[in-house]
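Scroll down for the structure; my scribbles are underneath it.
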Amino acid sequence: MYNKISEKSYPDAIFVTIYHKEDLFFAVGIYSASEKIVRIFLPTSSREKLYEKISDEFADFKLTDKYLPIVRDIFNLYNGKKVNFNQDILELSINKSEPLKGPVTNEFDLEVLQMVSKIPRGTVKTYKEVAESMNSKAWRAVGSALARNPFPLVIPCHRVVKSDLTLGNYNGGVEMKKELLKKEGVKINGFRVTRT
DNA sequence: TCACTGGCCACCT
DNA sequence: CAGGTGGCCAGTG
């Protein structure tokens, strides 16, 4: 388990839009000061669970429907569809101080997120390959950084697998990781990915 | 400061 | 192939 980022306190309001479809609840958190996404929530099966996750991270937030188009895009991503998602809408800034200005906790995590965001749909990389692409041997730390990914689906951490091509772990559970990869066309037998 | 703790890896049975 | 073990390295408190 990674440290729960509990009761994050931003100096300005966080707006949250929830989208409900096919018995799943999706949400996105937008920072009012920058109008950018600070958090994407993986789907949950109930509204209550989602509220719990949101309030675990944001001491105070306001519900709005303003960002429905964005959450619908995320819903489509979840279903393996091709979506032109503008990465500029992500609040990719570091801030560990109070008050918070961004969701990324350190420089290393940011670099990992940037590398992973380049992995094309329908393909995978290993934790080791991600580390090597940033001239590092810290494969394990890559895993830890992805465990803290504030932007699942948009920054496709589900496309990062272990060196033996078994799936490894995932914040939404390995089953979800497996389904996500299958839906975008990655070949999997059992819990092992096949690459050409 | 320094000992944990991992979305891991390579190498053994 | 499954399971165990020591090693790895950056972040965290």
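Chain naming here is simple, since letters A, B, ... match the order of the sequence lines and numbering starts at 1 in each.
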Gap between atoms [atom1] and [atom2], on [X] and [N] respectively (whole Å):
X	N	atom1	atom2	value
A:Leu180	B:dG7	CG	C1'	14 Å
A:Met134	C:dA10	CE	C1'	10 Å
A:Asn149	C:dA10	CG	P	20 Å
A:Leu110	C:dA10	CG	P	16 Å
A:Leu165	B:dA10	CG	P	11 Å
A:Glu129	B:dC9	CD	C1'	13 Å
A:Asp109	B:dG7	CG	C1'	13 Å
A:Glu107	C:dT12	CD	P	12 Å

Any salt bridge (charged side-chain N to carboxylate O under 4.0 Å, His left out) pairs touching residues 109-121 of chain A, not counting sequence neighbours?
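Sorted pair list: A:Asp109-A:Arg148.
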Could you tell me whether the side chains of A:Glu35 and A:Tyr67 share a donor-acceptor contact shorter than 3.5 Å?
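Result is yes, a qualifying pair exists.
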Summarise protein proximity over nucleotides 1-8 of chain C in one line of letters, 5' to 3': B for base, S for sugar-phosphate only, - for none, counting protein heavy atoms closer than 4.0 Å.
S-----BB
Quick one: do A:Phe61 and A:Phe15 satisfy ring-ring contact (aromatic ring centres under 6.0 Å, His included)? Show the steps, please.
CA-CA 6 Å; A:Phe61 63 92; A:Phe15 288 113; over 10 Å; no
Distance in Å, [X] [atom1] paired with [Y] [atom2], rounded so as to fall on 0.5 Å steps:
X	Y	atom1	atom2	result
A:Leu90	A:Ile37	CG	CD1	5.5 Å
A:Tyr170	A:Glu175	OH	CD	13.0 Å
A:Ile14	A:Ser32	CD1	OG	6.5 Å
A:Lys128	A:Asp164	NZ	CG	12.0 Å

Please check the phosphate of [N] (OP1 and OP2 only) for any side-chain N or O of [X] closer than 4.0 Å.
X	N	result
A:Ser136	C:dC9	no
A:Asn106	C:dG11	yes
A:Lys128	B:dA10	yes
A:Ser163	B:dC9	yes

Would you indicate whether A:Asp23, at its atom CG, is surrounded by more than 12 heavy atoms from other residues, nucleotides or ligands within a distance under 6.0 Å?
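No - once you tally the heavy atoms of other residues, nucleotides and ligands closer than 6.0 Å, there are 12 at most.
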For DNA chain B, what dot-bracket results from Watson-Crick or G-U pairs at under 3.5 Å, with [ ] for crossers and | for inter-strand partners?
.|||||.||||||
Would you mind telling me which of B:dC9, B:dG7, C:dT12 lies closest to the side-chain atoms of A:Leu146?
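Nearest to the side-chain atoms of A:Leu146, counting from C-beta on, is B:dG7.
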Any base atoms under 4.0 Å from A:Tyr127, or only sugar-phosphate, or nothing? Heavy atoms, all strands.
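The answer is base, as A:Tyr127 lies within the cut-off (heavy atoms under 4.0 Å) of a base atom.
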Both conditions, 6.0 Å and 45 degrees, for the charged tip of A:Lys53 above the ring of A:Phe25: are they met here?
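Not satisfied by the 6.0 Å and 45° rule.
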